[in-house]
Amino acid sequence: MNRANRIEPRTLKGFRDYLPHMMIPRERIIDTSRRVYRSYGFSPIDTPALEYLEILTGKGGEETDKQLYRFQDPGERWVGMRFDLTVPLARFVAQHIGELGTPFKRYHIATVWRGENTQHGRYREFMQCDFDTIGTKSVAADIETALVMHDLLRAVGFEQFRIHVNDRTVLSGLLEKVGLAAHSAPVLRAIDKLSKLGAEKVANEMIATAGATPHQADEILQMVTLTGGNQRVLAALEPLVAGNATGEAGVARLREILAATAAAGVPDGRIVLDVSIARGLDYYTGVVYETFLEQLPKLGSVCSGGRYDNLAGLYTDQELPGIGASLGLDRLLAGMEELEMIERVSTPAEVFIPYFAADQLHAYLRLAAQVRRAGFGAEVYPEAKRLGQQLKYADRRGFRVALVMGENELAENVCQVKLLATGGTSTVSLAGDAADLIAELRRLLAAPG
RNA sequence: GUGGCUGUAGCUCAGUUGGUUAGAGCACCGGAUUGUGGUUCCGGGGGUCGAGGGUUCGAGUCCCUUCAGCCACCCCA
């Protein structure tokens, strides 16, 4: 094909290819989250990428409506691509709750699409790793959500992180007391920006967008800027919501969550009561969580969620409360990269077998099969090229070990085990189904990674 | 969606007031070295200078449009 007809290979704005060295850590985090969710009894589900447009519009507000990928399918139905996993979940439970029963715990790891403007760490196609508990208002579900978030971050490899917790009913209670209950959405959006903008600008925004008086703004700020440790914040909150049942219940719930997570073994200081955490989404009605990495506070929350007490109200009359959270996979990966927690590797296999003696392919394939039976990934190079080149290939890809076996080794039924990181080499026997080799590999590859 | 900045090789970039055939480093492939990689040396493949149009005798360089990336707002994972 000549140059003029050639199609330029390119990807759409906000859509990405994932090369092996990015996909390997990505899959590792996905596998980790799957393992943690399952360890708490969350079950996997999946839903279609496309939904009837009417399912997706109306929930989530104007912004999401604008960002929705929508088109007519070949049958001229109006359809949309899911922009999160919560709305499909709402439809899913409304449709199937009869056969699922409650409480229903599910996780859903899948791609979503939003036609919004791109920015660093923000794309038009990205993956969400959600878990939710549907059909119970119990504080136990709130507590479990925090525990899952905690285990998840630790399983991925973090120790330096904090889960910030708040309860929107505390804010609602205060808004009722000061007389701003009718404007809660813009007030909450303003409060959510406190860490970014500072108290003064937040006050101005509340006055401008929510019609608050300076006095009202001041009262709200007084509460959301409380600091000084969980117990002290709780003690300070109580008088502020006193006499308002909604607010009092919220404070009690927060107190219970903090006590229970501590009892479950979450270290002191990991879970932080932060009254300024509001979460932008309108559908949260109770507890809200955000997780920050201590080394990268500016990265924003890497795992967030909260309680919504009428998830499926658009699709069914049955009241279905729930709580859930979502791992910010791309943001977390960006953070791990910045913290140099990601090893540059572009092979998922540990063991490299150079194709050395040109007429001995069968011997290499047999060796590789023995290594794989022991549970290791093994790759045989496809061409009998110069050994140096093959080792260079193995080194670049990030293999851990090379098994060198040429004429000499074959004659003695042994092979060299070469640790690529150091160059250190030992010779082991292949007798008896390569038992010595397998033992040596287990020893060398025991280290994590 | 709004505003600003930036687009030269896979990556990071040089390229003089507009002037002949567009360069470097790294990366990639091959050789030096037909049995040992991450060092060195030599060679090679890769660019219609993001794309389209305009001004000009002449455009990588100036102008317009468009696409993409980055930043801020908005919103959010």
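Labels below follow one simple rule: chain letters A, B, ... track the order of the sequence lines, proteins then strands, and each chain is numbered from 1.
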**Request:** Keeping to residues at least two apart or across chains, list the salt bridge (charged side-chain N to carboxylate O under 4.0 Å, His left out) pairs with something in residues 403-425 of chain A.
**Result:** none
**Message:** At 4.0 Å (heavy atoms only), tell me whether A:Leu329 reaches a base, stays on the sugar-phosphate, or touches nothing.
**Reply:** nothing
**Item:** Euclidean distance, atom NZ of residue A:Lys385 to atom P of B:U36 [Å, nearest integer]
**Value:** 16 Å
**Request:** Please work out if A:Gly14 contacts a base, only the sugar-phosphate, or nothing of the nucleic acid, heavy-atom cut-off 4.0 Å.
**Result:** sugar-phosphate
**Request:** Have a look at A:Glu409 and say if it touches a base, only the backbone sugar-phosphate, or nothing, with a 4.0 Å heavy-atom cut-off.
**Result:** base
**Request:** Scan A:Ala357 against the nucleic acid and name what it touches under 4.0 Å (heavy atoms): base, sugar-phosphate only, or nothing.
**Result:** nothing
**Spacing between A:Ile29 atom CD1 and B:A77 atom C1', to the nearest angstrom** = 13 Å
**Item:** A:Tyr284 vs A:Asn166, side-chain hydrogen bond (donor to acceptor under 3.5 Å, both in side chains): CA-CA, chis, key distance, verdict
**Value:** CA-CA 11 Å; A:Tyr284 289 117; A:Asn166 188 22; over 6 Å; no
**Prompt:** So what does the secondary structure string of RNA chain B come out as, 5' to 3', with Watson-Crick or wobble pairs under 3.5 angstrom, [ ] for crossing and | for pairs with another strand?
**Reply:** (((((((..((((.....[...)))).(((((.......))))).....(((((..]....))))))))))))....
**For RNA chain B, the residues among residues 386-394 of chain A that have a non-hydrogen atom under 4.0 Å from it** = A:Arg386, A:Leu387, A:Gly388, A:Gln389, A:Leu391, A:Lys392
**Item:** Spacing of A:Tyr123 atom OH relative to B:A77 atom C1', expressed in whole Å
**Value:** 11 Å
**Request:** Calculate, to the nearest 0.5 Å, the distance between atoms CG and OG1 belonging to A:Leu175 and A:Thr169 respectively.
**Result:** 11.0 Å
**Request:** Please report the C-alpha distance between A:Arg82 and A:Glu51 in whole Å, then the side-chain angles of each, then the deciding distance to 0.1 Å, and finally whether the salt bridge (charged side-chain N to carboxylate O under 4.0 Å, His left out) criterion is met.
**Result:** CA-CA 7 Å; A:Arg82 62 177 174 222; A:Glu51 297 272 1; over 6 Å; no
**Message:** Please pick, from B:C75, B:C70, B:A77, the nucleotide with the shortest atom-to-atom distance to any side-chain atom of A:Lys193.
**Reply:** B:C75
**Prompt:** Which part of the nucleic acid, if any, lies within reach of A:Thr425 when heavy atoms closer than 4.0 Å are counted: base, sugar-phosphate only, or nothing?
**Reply:** nothing
**Asked** Which residue lies toward the 5' end of RNA chain B, A:Arg397 or A:Lys13, if each is placed at its nearest nucleotide?
**Response** A:Arg397
**Message:** Could you go through A:Asp330 and A:Arg26, starting from their C-alpha distance and side-chain angles, then the distance that decides it, and tell me whether this counts as salt bridge (charged side-chain N to carboxylate O under 4.0 Å, His left out)?
**Reply:** CA-CA 8 Å; A:Asp330 290 289; A:Arg26 197 177 167 80; 3.0 Å; yes
**Asked** Given atom OH of A:Tyr69 and atom P of B:G1, what is their separation to the nearest angstrom?
**Response** 11 Å
**Message:** So A:Gly423, base contact, sugar-phosphate only, or nothing? Heavy-atom distance under 4.0 Å.
**Reply:** base
**Prompt:** Roughly, in whole Å, what's the span from CZ in A:Arg400 to C1' in B:G37?
**Reply:** 17 Å
